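No experiment lies behind these values; they were computed from the predicted model shown.
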Amino acid sequence: MSKDLYNKEFYNKTSAQTSAREIIPIIIEFINPTSVVDVGCGAGEFLMEFSERGVLDILGIDGTWANKETLKIPKENFLAFDLQQEIKLNRKFDLAISTEVAEHLPESTADIFIKSLTSLADTVAFSAAIPLQGGVHHVNEQWPQYWADKFKEYGFVAMDLIRPRIWNIESVQLWYKQNLIIYIKEENKLASSVLSGMQRKSNEVLPLVHPELFNFYARFYRKMMAFIPPPIKWILKKFIKNI
């Protein structure tokens, strides 16, 4: 993790503010938290949106390299911490969120990261990049079932409550539409009430690829193939088919 990689330009390009405006009201519908911690908060757009909707007990956690000048939350509500280490706070929150962060951490620290999230709250809103999604310093891209299995080890059940609601909203960035899952501790009262209204109660999470991402790679593939000689094109097609 490096300050050179995650600089002001990076956060300007990946601003989550417009996405947060659409996503936070839906989360509040289900959870209605009074306290929220964002692990890997970046500039804190999600927390800012929560605070504007009356959630004042907020905490953003991100790497020691984070630029506090880009924060959209008060500096006193930010904790600099190495996310590859276990987070131990002397309190719990109603909700923990971590969006598009886990793929930036080495796979060797994945279990520690999920342990940290599940220790901070009984409800976690979580998204992480799928394989071949692409991005800056993505070192552990995984299908959502990989993460669901890790949450399950701590008694958390996956609930695909958000993706269907935001799938076709243009102003939401595609990675949230594609990857955002709610995990709730199964013994929690909220989990019981939500699960009772769900037909599918397994811990399986569909490995969806959003059309925006599919179209991006499809266009790239067509452009690339247009410049390749037929013999090499034939070999490439056979290779891709056998992957």
If only atom types and distance count, is the side chain of T123 paired as donor or acceptor with the main-chain N or O of I184 below 3.5 Å?
no
Backbone of K177 reached by a side-chain donor or acceptor of R163 within 3.5 Å
no
Between D57 and R91, is the closest basic N to carboxylate O distance under 4.0 Å?
yes
Quick one: do the E100 and Q173 side chains pair a donor with an acceptor below 3.5 Å?
no
Donor-acceptor check, side chain of T109 to backbone of L105, threshold 3.5 angstrom: yes or no?
no
Report whether I112 and Y146 are members of the same hydrophobic cluster (ILVMFWY, side-chain heavy atoms less than 4.5 Å apart, transitive linking).
no
Fit a plane to each ring of F151 and F126, take the angle between them on a 0 to 90° scale, and name the class: parallel (under 30°), tilted (30 to 60°) or perpendicular (over 60°).
perpendicular
To the nearest 0.5 Å, how far apart are CD1 in I24 and CE in M48?
10.0 Å
Ignoring hydrogens and angles, state whether a donor on the side chain of E186 or Y154 is under 3.5 Å from an acceptor on the partner side chain.
no
Can you list the steps and then say if E153 with K115 is a salt bridge (charged side-chain N to carboxylate O under 4.0 Å, His left out)?
CA-CA 9 Å; E153 292 178 14; K115 183 180 180 180; over 6 Å; no
The criterion is ring pair (Phe, Tyr, Trp, His ring centres under 6.0 Å); which residues satisfy it with F93, sequence neighbours excluded?
none
Residues in salt bridge (Lys or Arg N to Asp or Glu O under 4.0 Å) with D111, at least two apart?
K150
For W167, all residues meeting ring pair (Phe, Tyr, Trp, His ring centres under 6.0 Å), sequence neighbours excluded
H210
For the backbone of T34 and the side chain of D94, can you confirm whether one donor and one acceptor N or O come within less than 3.5 Å of each other?
yes
With the threshold set at 4.0 Å, does a side-chain nitrogen-carboxylate oxygen contact exist between R165 and E22?
no
Has E170 got more than 12 heavy atoms of other residues, nucleotides or ligands less than 6.0 Å from its CD?
no
Check this for me, if you would: do K152 and D149 make a salt bridge, where the nitrogen-to-carboxylate-oxygen distance has to be below 4.0 angstrom?
no
Verify whether one side chain among E86 and S116 offers a donor that lies under 3.5 Å from an acceptor in the other.
no
Do K75 and E69 sit within salt-bridge range, that is, some charged N less than 4.0 Å from a carboxylate O?
yes
